[in-house]
Trainee: 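Handing you a structure now.
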Amino acid sequence: MAVETPFYMRGVHFLSFIFPKSCVSCGRIDFFSELLAVCKFCTKQNYLPQKQYLKTNRLKHPSDRFVFYDQVLFLQKRGNFEKGLFQSLKFENERFLANYFCLGHRFLWNFLKNDPPDRISLVPSSRKDGPRSYHSSYVLFTKWMQFWKIREDTSLRKVSVDKQSSQGYEKRFFHAKKAFEFIKSDRIIEGLHILIVDDIFTTGATVNEIARLYKMAGAKKVTCVVLLLSGGD
């Protein structure tokens, strides 16, 4: 399945020649900072290769009848360094950092190779209609959609104008209950394995509610993959 190059990556080589991209952490300019917005030195100092904790980067759901996702896969764990980068990615328009957070994503494929997903869904970040606004996990989303050669499920939409991040721990679960809904669609969900892509896992309230909606629609299994595991408030 052909995936269009994100608009913010077009003409990158020409612009980089005129305006070199420096590391958002230390200010160095090198090949790594041009691609990831993080230089080689900072990457080596801070990035933990995914293969080193491959067996621990899957969160299985507890034996709780109110948990609806089957598993959550994450690419990186939040530390002080990752926290700063994620803030820059999400709120300061440092979009090249999305490539840094995607490092090691190929190692996660092993978890799904025996039960590959049938559809992929990007968690809506805003209520806006029309063209999709920039999403911090869009790069990861396109990589996984292209690898599995699966269709995007676009039947999910956000109906709440409130941000999940502005809610307290308990309020996140109540807010998530009214934040999303399915658009009327003829798409068949019954018996499918759905892959949900989001940027961060904090309490799990968002992905759990979306997983609930998919399970009610007949999905057999729901897997979530996120850029960053926050660890909770």
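The shown structure was predicted, so the numbers you read here are calculated from the model rather than taken from an experiment. Any value given below was found using the heavy atoms of this structure, including those in side chains, with hydrogens, waters and symmetry copies removed.
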Trainee: Can you check side-chain contact (heavy atoms from CB on, under 4.5 Å) on I120 and W144, steps first, answer last?
Mentor: CA-CA 8 Å; I120 188 169; W144 279 54; 4.0 Å; yes
Trainee: Are the side chains of D199 and F86 in touch, meaning some heavy atoms are under 4.5 Å apart?
Mentor: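 When only atoms from C-beta onward are counted, F86 and D199 do touch, with a gap below 4.5 Å.
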Trainee: Looking at residues at least two apart in the chain, or sitting in another chain, which of them share a salt bridge (Lys or Arg N to Asp or Glu O under 4.0 Å) with E82?
Mentor: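 Partners of E82 under the salt bridge (Lys or Arg N to Asp or Glu O under 4.0 Å) test: none.
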Trainee: How are the rings of W109 and W148 set to each other: parallel, tilted or perpendicular (split at 30° and 60°)?
Mentor: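 Plane angle over 60°, so perpendicular.
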Trainee: Tell me every residue that passes salt bridge (Lys or Arg N to Asp or Glu O under 4.0 Å) with D118, counting only those two or more places apart in sequence or in another chain.
Mentor: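 Partners of D118 under the salt bridge (Lys or Arg N to Asp or Glu O under 4.0 Å) test: none.
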Trainee: Q87: which residues meet the side chain to side chain donor-acceptor pair (under 3.5 Å) condition with it, sequence neighbours left out?
Mentor: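 If we apply the side chain to side chain donor-acceptor pair (under 3.5 Å) test to Q87, skipping adjacent residues, there are no hits.
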Trainee: Would you say L97 and I29 are hydrophobically clustered, going by side-chain heavy atoms of ILVMFWY under 4.5 Å?
Mentor: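 No, it is not one cluster - the side chains of L97 and I29 are not joined through contacts under 4.5 Å.
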Trainee: Under the side chain to side chain donor-acceptor pair (under 3.5 Å) test, which residues partner N93, sequence neighbours left out?
Mentor: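 Once residues adjacent in sequence are excluded, the partners of N93 under the side chain to side chain donor-acceptor pair (under 3.5 Å) criterion are R95.
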Trainee: Nearest 0.5 Å, what's the CG-CG distance between L228 and L85?
Mentor: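 Atom-to-atom, L228:CG and L85:CG are 9.5 Å apart.
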Trainee: Check whether any side-chain heavy atom of V225 sits under 4.5 Å from a side-chain heavy atom of D198, and report yes or no.
Mentor: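 When only atoms from C-beta onward are counted, D198 and V225 do not touch, as no gap falls below 4.5 Å.
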Trainee: Roughly how far, to the nearest 0.5 Å, is CG of L75 from CG of L108?
Mentor: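 The CG atom of L75 is 5.0 Å from CG of L108, to the nearest 0.5 Å.
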Trainee: State which residues pass ring-ring contact (aromatic ring centres under 6.0 Å, His included) with F81; sequence neighbours excluded, sorted by chain then number.
Mentor: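 ring-ring contact (aromatic ring centres under 6.0 Å, His included) check on F81 returns nothing, list empty.
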Trainee: Within this structure, what is the CG-OH distance for the pair L36 and Y47, rounded to the nearest 0.5 Å?
Mentor: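 Going from the CG atom of L36 to the OH atom of Y47 covers 10.5 Å.
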Trainee: Applying side-chain contact (heavy atoms from CB on, under 4.5 Å), run through L227 and L89 and close with a yes or a no.
Mentor: CA-CA 11 Å; L227 298 177; L89 167 63; 4.2 Å; yes
Trainee: Of all the heavy-atom pairs spanning A98 and V139, show the shortest one and how long it is.
Mentor: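 Taking A98 first and V139 second, the nearest heavy atoms are CB-CG2, 3.8 Å.
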Trainee: Any chance you could lay out the side-chain contact (heavy atoms from CB on, under 4.5 Å) test for L156 and F182, step after step, and finish with the verdict?
Mentor: CA-CA 5 Å; L156 184 71; F182 278 131; 4.1 Å; yes
Trainee: Does the side chain of E94 come within less than 4.5 Å of K21's, by heavy atoms?
Mentor: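 A side-chain contact exists here, since the closest heavy-atom pair is under 4.5 Å.
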Trainee: Just verifying a value: how many Å separate L229 CG and L73 CG, rounded to the nearest 0.5 Å?
Mentor: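 These two atoms lie 11.0 Å from each other.
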Trainee: side-chain contact (heavy atoms from CB on, under 4.5 Å) for I200 and V226? Distances and angles first, verdict last.
Mentor: CA-CA 5 Å; I200 189 169; V226 296; 5.9 Å; no
Trainee: Listed by chain and number, what are the side chain to side chain donor-acceptor pair (under 3.5 Å) partners of D30, not counting sequence neighbours?
Mentor: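 Result, side chain to side chain donor-acceptor pair (under 3.5 Å) vs D30: S33.
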Trainee: Give a yes or no answer on whether the side chain of E209 reaches the backbone of G204 with a donor-acceptor pair at less than 3.5 Å.
Mentor: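 Between the backbone of G204 and the side chain of E209 there is no qualifying donor-acceptor contact (under 3.5 Å).
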Trainee: I'd like to check the side-chain contact (heavy atoms from CB on, under 4.5 Å) partners of F41; sequence neighbours left out, ordered by chain and number.
Mentor: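 Scan of F41 (side-chain contact (heavy atoms from CB on, under 4.5 Å), adjacent residues dropped) gives R28, C39, Q45.
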Trainee: Are E152 and R119 ion-paired here, with the side-chain N under 4.0 Å from a carboxylate O?
Mentor: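 Answer for the salt bridge query: no.
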Trainee: Would a 4.5 Å heavy-atom cut-off, applied to side chains only, mark F96 and E34 as touching?
Mentor: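 Not in contact.
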Trainee: Who passes side chain to side chain donor-acceptor pair (under 3.5 Å) against S88, sequence neighbours left out?
Mentor: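 With sequence neighbours excluded, S88 shows a side chain to side chain donor-acceptor pair (under 3.5 Å) to E92, given in chain and number order.
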Trainee: Show every donor-acceptor pair shorter than 3.5 Å between a side-chain atom in residues 213-221 and any protein atom, with sequence neighbours excluded, or say none if there are none.
Mentor:
| unit_1 | atom_1 | unit_2 | atom_2 | d |
| --- | --- | --- | --- | --- |
| Y214 | OH | S121 | OG | 3.3 |
| Y214 | OH | D153 | OD2 | 2.7 |
| K215 | NZ | F68 | O | 2.9 |
| K215 | NZ | D70 | OD2 | 3.2 |
| K221 | NZ | D115 | OD2 | 3.2 |

